[in-house]
Every structure is written in C-alpha cells, then in structure tokens.
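Beneath this line is the structure, given in structure tokens, with notes to follow.
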There are 2 protein chains.
Amino acid sequence: MDYTIKQVSERLGLPVSTLRYYDKEGLMPLLKRTDYGTRQYSETDICWLELVCCLKNNGMPLNEIKDFMGLCLEGASTCEQRKIMLEKHKEHVLQQIDSLTRSLDMINYKLDHYDEIGIFHIDAPVHS
Amino acid sequence: MDYTIKQVSERLGLPVSTLRYYDKEGLMPLLKRTDYGTRQYSETDICWLELVCCLKNNGMPLNEIKDFMGLCLEGASTCEQRKIMLEKHKEHVLQQIDSLTRSLDMINYKLDHYDEIGIFHIDAPVHS
DNA sequence: GCTTGACCTGAAGTTAACTTTAGCCTTTAT
DNA sequence: ATAAAGGCTAAAGTTAACTTCAGGTCAAGC
C-alpha cells in the first residue's frame with residue numbers, strides 16, 4: 001500500500017530531490033519511515049503532495065503551505081484560521097486570473113496588429 | 001518631456017533600485033543619459049517599462065524580455081521571430097489561466113465543505 | 001563475495017530577481 | 001558655503017526553491 005520515493009517521483013512528475021527537499025522543509029510531518037530510514041509514502045501522503053503542488057503552482061509560497069500543514073496538525077481549533085488562509089489565497093488566485101486575462105488581451109492585440117505596428121513601436125499594454 | 005528615475009519609480013510603483021537593475025541588465029538600451037550620467041526616461045521608455053512589467057508579471061523571465069527587446073532593435077527582419085515569441089507566451093498565459101481556474105474550483109470546494117472534512121482529511125484537488 | 005541499484009544525509013552550489021552598502025558627484029535651498 | 005537631496009557605480013548580500021555532490025548503508029542478483 002506504500003510507495004517508494006522513486007515511485008512517487010514518477011507518479012507526480014517531481015524529481016526525487018524535490019520530494020526529499022519538501023520532507024526536509026517539514027512539509028511532510030506524517031511521512032513514515034522504515035527501520036532503516038527509507039521513506040514510505042501512503043496514498044494520503046500522495047494526496048497531500050498533490051495539494052502542495054497545486055497551491056505552490058498557483059503562487060502560495062512553501063512556508064505558507066507549511067504553516068497550513070502546521071494548523072492541520074494542531075487540530076479543530078485552527079479551523080477558522082485555515083479558512084481565512086484559503087480565502088486569502090483565493091483572492092490571490094482571482095487577482096492572478098484577472099491580471100493574466102488582461103495580459104492576454106494585450107498579447108492578442110499585439111498579434112492582431114503586428115504588421116501595422118512599427119519596428120520600434122513599443123507600445124503600452126492595451127488596457128492602459 | 002523627460003522623467004527622472006524617481007518620478008518613474010513613483011509613477012510605476014517600482015523601486016528606484018529595480019529601475020536601475022533593469023537598465024543594468026540591458027532591458028533599456030534606448031534610455032538616454034545627461035552629460036553627467038543621470039537617466040532621462042521618455043514617454044516611450046515608460047511605455048516599454050509598462051510592457052516589461054506586464055510580461056514579467058505574467059511569467060516571462062527577464063532574459064526572454066531582453067531577447068524580445070533585442071529583436072526589436074534588430075529591425076523588421078525579426079518580425080516573425082517576435083510573433084513566435086508572443087504566441088509562445090500566449091500559450092503559457094492560457095495554461096496559467098487554466099491551472100488557476102482549476103485551483104479555484106479546488107479552493108471553493110474546500111471552503112464549501114470545510115466543516116464536513118475532518119481535521120486530518122488532507123484530500124486531493126477536486127479535479128484529480 | 002561482490003557489484004549494482006536504490007535509498008539515505010549534510011553541506012555546498014545554483015538561479016532569478018532583486019536589495020543593500022559604500023563611496024563618490026552635483027544641484028539646490030538656507 | 002555648506003548641508004541636504006537626489007543621482008551614479010560596482011560589488012556584495014538576500015531569498016526561495018531547488019539541485020548537486022560527497023560519502024555512506026542496505027538488499028538483490030550473479
């Protein structure tokens with residue numbers, strides 16, 4: 001039922017070194033080891049890792065993700081705090097989507113008008 | 001008609017040190033100086049800086065932005081190359097929007113179901 | 001029995017994008 | 001005339017998120 005670090009690496013497409021790094025940084029406090037010290041990833045560990053990647057890919061820094069994990073470990077009393085963190089991250093994600101959407105408009109405008117625009121015509125974003 | 005580095009800093013909300021850094025890294029090859037050496041930003045320079053910020057904020061690394069600038073300086077022969085760069089960046093932006101949108105679904109799901117989810121229920125993103 | 005492959009650690013190295021520091025010049029207000 | 005404000009440079013320092021390296025353990029196959 002458990003996976004080696006290499007198996008997880010292949011499944012999630014993350015280098016082994018990164019998985020060890022995340023563990024070292026305290027992002028995997030529930031990860032089990034064999035007697036010798038080999039990491040044993042459970043399904044739950046993998047799910048948590050997928051969440052870590054998702055949050056990280058969308059701009060949450062690792063230390064915040066770690067704090068979130070820390071709150072989870074502290075129990076139900078931190079539920080509100082965790083909700084607040086997620087709300088804050090949601091705002092951040094919404095802002096990014098907005099910024100990207102406007103950037104897309106600018107790129108499309110440039111692509112559509114490229115031939116009309118002079119070589120040195122370095123114009124401002126279309127929305128400004 | 002020209003602006004000092006401090007004026008540009010205030011107008012664009014970028015620290016003076018960053019503006020100098022961009023210049024040093026070759027992102028402002030057309031920027032004029034006074035006899036002594038003080039930078040003189042024109043409207044065009046500011047427009048270019050706004051574009052730089054926009055591309056940078058949406059994930060284009062500075063060295064790619066610099067390459068783009070380099071192509072601009074080389075003249076009309078690089079037009080196709082520049083189009084290709086913009087198309088590539090557009091793909092990247094679209095991918096980011098997609099990733100963020102899916103992340104948003106996950107966050108909303110978690111927020112909606114937070115009370116039902118156990119303390120240690122660290123579940124995978126909703127789309128997986 | 002020994003080599004190969006997978007695992008481990010701690011420490012040092014890397015990259016991008018800045019920021020800070022130290023030291024120096026010039027213009028402007030008192 | 002002198003001190004404050006703003007400009008400059010080169011070089012060193014910072015941070016996040018990794019990667020690489022050196023050196024060592026263990027299990028399996030020949």
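Worth knowing before you read on, the calculation uses all heavy atoms, side chains too, and leaves out hydrogens, waters and symmetry mates. Residue numbers start from 1 in every chain, and the chains themselves are labelled A, B, ... in the order their sequence lines are given, proteins ahead of strands.
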Can you identify which nucleotide, out of dG7(D), dC18(D), dG24(D), has its nearest atom closest to the Tyr36(A) side chain? dG24(D)
dT9(D) phosphate, OP1 or OP2: any side-chain N/O from Arg39(B) under 4.0 angstrom? yes
Whole angstrom is fine here: how far is it from CG in Leu19(B) over to C1' in dG6(D)? 14 Å
What's Thr18(B) touching, base or sugar-phosphate or nothing? Going by heavy atoms closer than 4.0 Å. sugar-phosphate
Ignoring hydrogens and angles, state whether a donor on the side chain of Ser99(A) or Asn57(B) is under 3.5 Å from an acceptor on the partner side chain. no
I'd like to know if Arg33(B) pairs up with Asp23(B) as an ion pair, taking the criterion as any Lys NZ or Arg NE/NH1/NH2 lying under 4.0 Å from an Asp or Glu carboxylate oxygen. yes
The side-chain contact (heavy atoms from CB on, under 4.5 Å) partners of Gln7(A) (sequence neighbours excluded) come to Tyr3(A), Thr4(A)
Rounded distance in Å - OH (Tyr21(B)) to P (dC8(D)): 18 Å
Leading and trailing nucleotides of DNA chain C with any atom under 4.0 Å from heavy atoms of chain A: dA6(C) to dT9(C)
Leu55(B) and side chain to side chain contact (heavy atoms under 4.5 Å, CB included): which single residue from Met85(B), Met60(B), Glu50(B), Glu64(B) fits? Met60(B)
Can you find a side-chain donor-acceptor pair between Ser42(B) and Asp45(B) that sits under 3.5 Å? yes
Please state how far atom CZ in Arg20(A) lies from atom P in dC18(D), giving the value in whole angstrom units. 15 Å
Euclidean distance, Lys56(B) NZ relative to Ser103(A) OG, rounded to 0.5 Å: 12.5 Å
side-chain hydrogen bond (donor to acceptor under 3.5 Å, both in side chains) partners for Lys90(B), two or more places apart: Asn108(A)
Counting any heavy atom closer than 4.0 Å, what does Thr34(B) reach on the DNA or RNA strands: base, sugar-phosphate only, or nothing? nothing
It should be established whether Arg33(B) places a side-chain nitrogen or oxygen under 4.0 Å from OP1 or OP2 of nucleotide dT9(D). yes
Expressed as a whole number of angstroms, how long is the span from Glu25(A):CD to dC18(D):C1'? 10 Å
Considering every strand and a 4.0 Å limit on heavy-atom distances, what is the contact class for Thr38(A): base, sugar-phosphate, or nothing? sugar-phosphate
Tyr3(B) atom OH is separated from dG7(D) atom P, nearest whole Å, by 15 Å
